[in-house]
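Quick notes on the structure that follows.
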2 protein chains.
Amino acid sequence: MSGPASDTSQRILDIAEELAQKRGFNGFSYADIAERLTVTKASLHYHFRSKADLGCALIERYRDAFADSLRAIERDVDGAPSKLRRYVALYDVVMRQDRMCLCGMLAAEYATLPEPMQARLRGFFDANERWLARVLGGGRRAGELAFSESPRARAARLTSVLEGAMLVARVYGDGERFNSAARNALADLVTPAPASRAARRGGRRIA
Amino acid sequence: MSGPASDTSQRILDIAEELAQKRGFNGFSYADIAERLTVTKASLHYHFRSKADLGCALIERYRDAFADSLRAIERDVDGAPSKLRRYVALYDVVMRQDRMCLCGMLAAEYATLPEPMQARLRGFFDANERWLARVLGGGRRAGELAFSESPRARAARLTSVLEGAMLVARVYGDGERFNSAARNALADLVTPAPASRAARRGGRRIA
DNA sequence: GTCTATAGGCAGATAGAC
DNA sequence: GTCTATCTGCCTATAGAC
């Protein structure tokens, strides 16, 4: 959309993103960023007039990167189960860096955030769940997935278990805790017998 | 354990708990409590020397109240499905007050918390999941519940979906979002045909 | 774009009177 | 137990030189 932001702006966002994901948006200050970038706080205000502006830029960049990842999944893999595994892998990358999903973290701080950040946060979850709902609905029609709610409700529930698993796993510093929850959440969603799926597609019926 | 804390201490904790659940532990100050209680900040420091002390007291009281609720469930209802429904209702009460689970909120802020609070937070989740794992394991042995992981892993996953659903539902200000996720999470756990359960207990076999 | 300097406010915390 | 007064430090943010 907008032109290529300056390299310094990007590095500020990189540092702010890590801090926000590890400590929360209220858990870091311009001084923390300035120290790691070895510039002064005043310089940061040149790039992002206020912390609210920085926060908005943070969400927008995260949202765009996430959207790119979802497009890459669509491009690279077929089948809802594979797409979901790739989707979960996006969260796993974050966990391995000892971070929380940026938007999950901001969700906790929601009541304290400036309104423009709140609006962008809702936008993130909306887009995320629209994509998931589409994959889930398609997978169910193809017989690859099984669930009883609406695709949108199932998407919300899947988002919940992934965000919640990250949240609690960080208390234990245990990424495997997240992986176990994610793996089993997918297993509950994918129809048990892949062989029978292939057979059904061919019109054959299996008890 | 300790003697009855003063009435003022309890009221301080009531206010701090609400603020912590709505805004996070880093999202409120002694000034916020002082204003609502119409006392001075200095008075608060008489009851809780430091904010870290207040935070520890907050978790301990929450943990004890939660443990009481779990004992009440054991006392009042039979059967794992009913126990789980009552368990979920504990979360629902919190959601209806537009609050996040205290310990879920603190989990997000974990990296910024003083170590004594971190230790108590782990203790909360440990106790919580030990209880859940026991109910889940018992329910499976009784044929009331079905799941493939260990009871402990399933307990962790159930905790995750409930905490995550609260987290995201607050962004939308939509308690029904939480309810939908919770209801369907339980449905996935409870064996489909109660009639067949009763029959199986009697030794009869159903296809 | 980055700096120095500083404003103005709020944080958690303490001393000591009552 | 609660108060007034105060301390120290950090916060976001701005002015203006370079």
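We name chains A, B, ... by the order of the sequence lines, and we start the count at 1 in each one.
B:R75 CZ to B:R71 CZ: the interatomic distance, rounded to the nearest 0.5 Å, is 9.0 Å. For the atom pair CZ of B:R23 and CE of B:M105, the computed distance is 9.5 Å after rounding to the nearest 0.5 Å. The line from CG of A:L106 to CZ of A:F125 is 8.0 Å long, rounded to the nearest 0.5 Å. The distance from the CE atom of B:M95 to the CG atom of B:L90 is 14.5 Å, given to the nearest 0.5 Å. Annotation: the span from B:T112 atom OG1 to A:L19 atom CG amounts to 12.0 Å, rounded to 0.5 Å.
Here the side chain of B:H47 is nearest to one of D:dT2, D:dG1, C:dG1, namely D:dT2. Residue A:H45 places its side chain closer to D:dA13 than to any other of D:dT2, D:dA13, C:dC3. Set against D:dA13, C:dG1, D:dC3, the side chain of B:T40 has D:dC3 as its closest nucleotide.
Residues satisfying the salt bridge (Lys or Arg N to Asp or Glu O under 4.0 Å) test with A:K22, not counting sequence neighbours, are A:E18. Taking the salt bridge (Lys or Arg N to Asp or Glu O under 4.0 Å) definition, one finds that A:E176 meets it with A:R183, sequence neighbours left out. A:D98 meets the salt bridge (Lys or Arg N to Asp or Glu O under 4.0 Å) test with no other residue; sequence neighbours excluded. In this structure B:E129 satisfies the side chain to side chain contact (heavy atoms under 4.5 Å, CB included) test together with A:V168, A:R177, B:R152, B:A155, B:A156, B:T159, sequence neighbours excluded.
Atom C1' of nucleotide C:dG1 and atom CG of A:L44 are separated by 12 Å, given to the nearest angstrom. Distance CZ (A:F48) to C1' (D:dT14): 18 Å, rounded to an integer number of Å. Between B:L54 atom CG and C:dA11 atom P the separation is 14 Å, expressed in whole Å. B:Y46 places its OH atom 18 Å from the P atom of C:dA17, with the value rounded to the nearest Å.
Within residues 15-26 of chain A, no residue has any heavy atom under 4.0 Å from DNA chain D.
Using a 4.0 Å cut-off, no side-chain N or O of A:S43 falls inside it from OP1 or OP2 of C:dT4.
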Polar-atom pairs under 3.5 Å, protein N or O versus N or O of nucleotides 5-11 of chain D: list them with distances, or write none.
{"unit_1": "D:dC11", "atom_1": "OP1", "unit_2": "A:S29", "atom_2": "OG", "d": "2.9"}

